[in-house]
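As structure tokens, the structure follows; a few thoughts come after it.
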Amino acid sequence: QVQLVESGGGLVQAGGSLRLSCAASGRAFNNFPMGWFRQAPGKEREIVAAINFSGGSTYYADSVKGRFTISRDHAKNTVYLQMNNLKPEDTAVYYCASRSSYLAGVFTSPANIDYWGQGTQVTVSS
């Protein structure tokens, strides 16, 4: 059974930092691209960042470039999202995601996702 389990969300003041983690079950995930989406109340789910199977290619939404960093640790089957200089508009539920496409590049659309985590709340106060 494939599972993605997020952790690391919480409440932080504007300008602060959080690190999200996504632990994946199954060694196959080391061969899949992975990433993070977020969804704020009343808004559509949007891509935040993605990373290819090797970690050598990444994608960031314009709104988070220069503030967020995605990385992966193959030994731990885990993907991270380091979020710095957080803003109130970053408040959302953050979802870990993966596409079951071996050795594929990054993704940007939720339509391409095969596996979702349960989500973790990030709240940034002003």
Side-chain angles (χ1 to χ4, degrees):
Q1 184 72 10
V2 172
Q3 276 191 318
L4 301 175
V5 179
E6 302 105 332
S7 61
L11 173 64
V12 64
Q13 288 188 331
S17 298
L18 284 174
R19 189 177 80 155
L20 305 183
S21 299
C22 172
S25 64
R27 296 175 63 183
F29 277 104
N30 280 337
N31 296 310
F32 296 165
M34 297 189 71
W36 295 89
F37 288 79
R38 67 185 181 187
Q39 189 166 19
K43 294 189 177 181
E44 294 186 351
R45 193 168 295 191
E46 63 176 5
I47 184 71
V48 176
I51 190 166
N52 75 332
F53 71 98
S54 69
S57 179
T58 57
Y59 172 87
Y60 295 96
D62 288 342
S63 58
V64 306
K65 280 181 182 176
R67 300 188 296 123
F68 291 11
T69 303
I70 189 170
S71 61
R72 67 189 301 166
D73 184 333
H74 286 92
K76 296 182 179 179
N77 257 20
T78 300
V79 174
Y80 303 98
L81 184 67
Q82 178 66 44
M83 306 185 293
N84 297 329
N85 190 21
L86 283 159
K87 303 176 180 180
E89 50 263 44
D90 294 319
T91 295
V93 177
Y94 283 69
Y95 296 92
C96 181
S98 183
R99 179 183 180 190
S100 59
S101 179
Y102 276 82
L103 309 184
V106 298
F107 48 71
T108 59
S109 170
N112 299 131
I113 301 305
D114 298 302
Y115 305 109
W116 293 99
Q118 81 284 359
T120 185
Q121 177 71 45
V122 171
T123 303
V124 184
S125 63
S126 57

Could you go through residues 102-113 and list every donor-acceptor pair under 3.5 Å that involves a side-chain atom there, pairing it with any protein atom two or more places apart or in another chain?
{"residue": "S109", "atom": "OG", "partner": "A111", "partner atom": "N", "Å": "3.0"}

Steps toward side chain to side chain contact (heavy atoms under 4.5 Å, CB included) verdict (Y60, T69): CA-CA 8 Å; Y60 295 96; T69 303; 3.8 Å; yes

Using side chain to side chain contact (heavy atoms under 4.5 Å, CB included), reason through W36 and F68 one step at a time and then give a plain yes or no. CA-CA 11 Å; W36 295 89; F68 291 11; over 6 Å; no

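Between the OG atom in S54 and the CZ atom in R72 there is a gap of 8.0 Å [rounded to 0.5 Å]. For the atom pair NZ (K87) and OG (S126), the distance works out to 14.0 Å, reported to the nearest 0.5 Å. We find the CZ-CZ distance between F53 and R99 to be 13.5 Å, quoted to the nearest 0.5 Å. The OG1 atom of T78 sits 12.5 Å away from atom CG of L20, with the distance rounded to the nearest 0.5 Å. Here CZ of R45 is found 4.5 Å from OH of Y95. Values are rounded to the nearest 0.5 Å. If you take CD on E6 and CD on Q118, they are separated by 4.0 Å, rounding to the nearest 0.5 Å.
Residues satisfying the salt bridge (charged side-chain N to carboxylate O under 4.0 Å, His left out) test with K43, not counting sequence neighbours, are none. Residues passing the side-chain hydrogen bond (donor to acceptor under 3.5 Å, both in side chains) test with N77, sequence neighbours excluded: N30. Residues satisfying the side-chain hydrogen bond (donor to acceptor under 3.5 Å, both in side chains) criterion with N31, sequence neighbours excluded, are absent altogether.
Scanning all heavy atoms of the two residues, the minimum distance from S101 to F32 falls at N-CD2, 3.8 Å.
Among residue pairs with one or both ends in residues 49-80, none qualify as disulfide bond (SG atoms under 2.5 Å apart); sequence neighbours excluded. Sorted by first then second residue, the disulfide bond (SG atoms under 2.5 Å apart) pairs that include residues 85-126, not counting sequence neighbours, are C22-C96.
Follow the hydrophobic side-chain contacts under 4.5 Å out from F29 and you reach V79 in the same cluster. No chain of hydrophobic side-chain contacts below 4.5 Å, direct or via other Ile, Leu, Val, Met, Phe, Trp or Tyr residues, connects I47 to Y94. Hydrophobic cluster membership differs between V93 and I70, with clusters built from Ile, Leu, Val, Met, Phe, Trp and Tyr side chains linked at under 4.5 angstrom. Grouping the Ile, Leu, Val, Met, Phe, Trp and Tyr side chains by contacts below 4.5 angstrom, directly or via other members, places I51 with Y115. By the rule that hydrophobic residues join a cluster once side-chain heavy atoms approach within less than 4.5 Å of another member, W116 and L81 end up as members of separate clusters.
Taking 4.5 Å as the limit, some side-chain heavy atom of L4 sits within range of a side-chain heavy atom of M34.
The backbone N or O of G10 sits nowhere less than 3.5 Å from a side-chain atom of T123 that would complete a donor-acceptor pair.
Applying the side-chain hydrogen bond (donor to acceptor under 3.5 Å, both in side chains) test between R38 and each of D90, T120, T91 identifies D90 as the sole match.
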